[in-house]
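First the proteins, then the strands, lettered A, B, ... as listed; each starts at 1.
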2 protein chains.
Amino acid sequence: MHLNNSQNSKPMFDHFLANKPNPIKNNKLRSLKTGQPIFYEGDTARGLYEVVEGVVRNYKLTADGRRQIVSFGYPGDIIGINHDGCHHNDCDAISDVTLKAIDQKTDTDFAYSLIRYTAAELTLMHEHFLLLGRKSAMEKVASFLNVLQNRIGKRDGKSVCYDLPMNRTDIADYLGLSIETVSRCFSKLRQEGIIGLPQINQVCIYDLGALQGLTEVEH
Amino acid sequence: MHLNNSQNSKPMFDHFLANKPNPIKNNKLRSLKTGQPIFYEGDTARGLYEVVEGVVRNYKLTADGRRQIVSFGYPGDIIGINHDGCHHNDCDAISDVTLKAIDQKTDTDFAYSLIRYTAAELTLMHEHFLLLGRKSAMEKVASFLNVLQNRIGKRDGKSVCYDLPMNRTDIADYLGLSIETVSRCFSKLRQEGIIGLPQINQVCIYDLGALQGLTEVEH
DNA sequence: CGCCTGTTTGAGTTGGGTCAAAGAGAGTGG
DNA sequence: CCACTCTCTTTGACCCAACTCAAACAGGCG
């Protein structure tokens, strides 16, 4: 799901996404601290960014404050994609983040890799629809831990470990659950010896097979 | 959300999506009857199609048969978009359907309109995430009726009317609800005089303001 | 140490699911 | 034309997974 950035630069174009000048120089890095906003719904889009370091969250809010996180952006992910020059969701940093402005060159190869990237994003979203609409709380949490494991897990002896940059509220708002339910699922998985939580934001999967068995239980 | 198809044709390319030869001649029309499958998850992708007439459903299945419809494809929508040459969801016709094979030409303008199309699709999906993860049954149904009204509603005096090509099961699987809950919400809206159901698959919205007020109720 | 923020656990409630049965069309065929 | 069947929808009764509310716990920090 990483953008295959081709190297040759040509005259700028911006008419295919935002049609506003990009105030950030090409390939310029932008650093943000934990919690800083990156853009808001309704903002004029000022080009695309690649997450180089850290993690961001993209989310939608209702008028009364309910929140749905639509995706977490890890290094390699592109943020700011839009079709009409303005953003349709809020985005902020959930850890210290470095972004790289993406050169929107008139390069056909670039356009194709961007198509492939957004198409891959659509595929992931279809999977997440199934999770939100049709999975139980435990299936949601197990699926979440398994997807992260695939993406950022590091083998550590017999187990697979990784950091959770997001807190329980973020996880709940990503999975369409309450924080209490997320916490209860974590506790249950820990009690059954399937995972361990050596630190509050660190996961070790001891029994990957069992975890994957829980991502889609026969009804 | 319609693809702005540009006219000038150039040598074929297919490396940006499916990398298999397209067996359908360019712009050839393909007709399908209600219920016919268009493609399955795992199938080799054979290019893109535009829905010209009728409605299709794109959906994911779990091993035990739970289903989540990820989108309905109306005329103007593109189906078959993928990033790796194979399909990641099932697709079939829910009415008699005509498809048009899309010429995958090396046209930069085409690539950009495809980017804009998929970006718009992402935006719609973000909205649907909020619906699936954070809305009540009544909010889901009201939002669904309102979105359709925007897209295919026809003004009829004081009310807005349209046909529902999908049955209650399809609606339920799109909104992450049971058919009984969908039916109960329809009945409630009817009893309150907000909508009418002159035929089983025809909706008339009598009080659009009230309906829109229900799409996101204060908690 | 005390405070603050985030997490876990417990208790009670409820929205929406399941199961069951009735109703409503749309075919079909005698 | 009507009886019968089949499928889809509606309605009712009941139940449970996940929510809310509340309180305890844990770690980090000034």
Worksheet item: Within this structure, what is the CG-to-C1' distance between A:L132 and C:dG16, rounded to whole angstrom?
Response: 17 Å
Worksheet entry | Min side-chain heavy-atom separation B:L197-B:F186 under 4.5 Å | yes
Worksheet item: Would you call the rings of B:F72 and B:Y174 parallel, tilted or perpendicular, where under 30° means parallel and over 60° means perpendicular?
Response: tilted
Worksheet item: Is the shortest side-chain N to carboxylate O distance from A:R184 to A:E180 below 4.0 Å?
Response: no
Worksheet item: Rounded to whole angstroms, how far apart are CG on B:N167 and C1' on C:dA26?
Response: 15 Å
Discussion item. Keeping A:D43 on the side-chain end and A:A45 on the backbone end, is there a donor-acceptor pair under 3.5 Å?
Written reply: no
Worksheet entry | Among D:dT9, C:dT8, D:dT10, the nucleotide that comes nearest once only the side chain of A:S187 is considered | C:dT8
Discussion item. Treating A:K140 as the side-chain partner and A:L175 as the backbone partner, does any N or O pair qualify as donor plus acceptor under 3.5 Å?
Written reply: yes
Discussion item. Under 4.0 Å between a side-chain nitrogen and a carboxylate oxygen: does that hold for A:R66 and B:E139?
Written reply: yes
Practice prompt. Take the protein atom CD1 of B:I94 and the nucleotide atom P of D:dC8, then report the distance between them rounded to whole Å.
Written response: 14 Å
Worksheet item: Taking the nucleotide of DNA chain C with the closest heavy atom to each, which residue, A:Q191 or A:R134, is nearer the 5' end?
Response: A:Q191
Worksheet entry | Short N-O contact, B:D173 and B:R57, less than 4.0 angstrom | no
Worksheet item: In terms of side-chain geometry, is the basic nitrogen of B:D170 or B:R67 positioned less than 4.0 Å from the acidic oxygen of its partner?
Response: yes
Worksheet item: Are the side chain of A:T123 and the backbone of A:A119 linked by a donor-acceptor contact shorter than 3.5 Å?
Response: yes
Worksheet, complete the sentence: A:F186 atom CZ is separated from C:dT7 atom P, nearest whole Å, by 10 Å
Worksheet item: Which dot-bracket notation, 5' to 3', represents the base pairing of DNA chain D when pairs are defined as Watson-Crick or G-U with both distances under 3.5 Å, crossing pairs as [ ], and inter-strand pairs as |?
Response: ||||||||||||||||||||||||||||||
Discussion item. At a heavy-atom distance below 4.0 Å, what parts of residues 54-71 of chain B sit against DNA chain C?
Written reply: none
Item to complete: Round to a whole Å and report the spacing from CZ of B:R168 to C1' of D:dC8.
Response: 9 Å
Worksheet item: Within this structure, what is the CG-to-P distance between A:L197 and D:dA26, rounded to whole angstrom?
Response: 15 Å
Fill in: For atom CD of B:Q202 and atom P of C:dG25, their distance in whole Å
14 Å
Fill in: Stepwise side-chain contact (heavy atoms from CB on, under 4.5 Å) check, A:I205 with A:S159
CA-CA 5 Å; A:I205 300 169; A:S159 53; 5.8 Å; no
Fill in: B:R151/B:D77 salt bridge by N-O under 4.0 Å criterion
yes
Worksheet item: To the nearest Å, how far apart are A:M138 CE and D:dC16 P?
Response: 19 Å
Worksheet item: Taking DNA chain C as the partner, which of residues 174-184 of chain A come within under 4.0 angstrom of it by heavy atom?
Response: A:E180, A:S183, A:R184
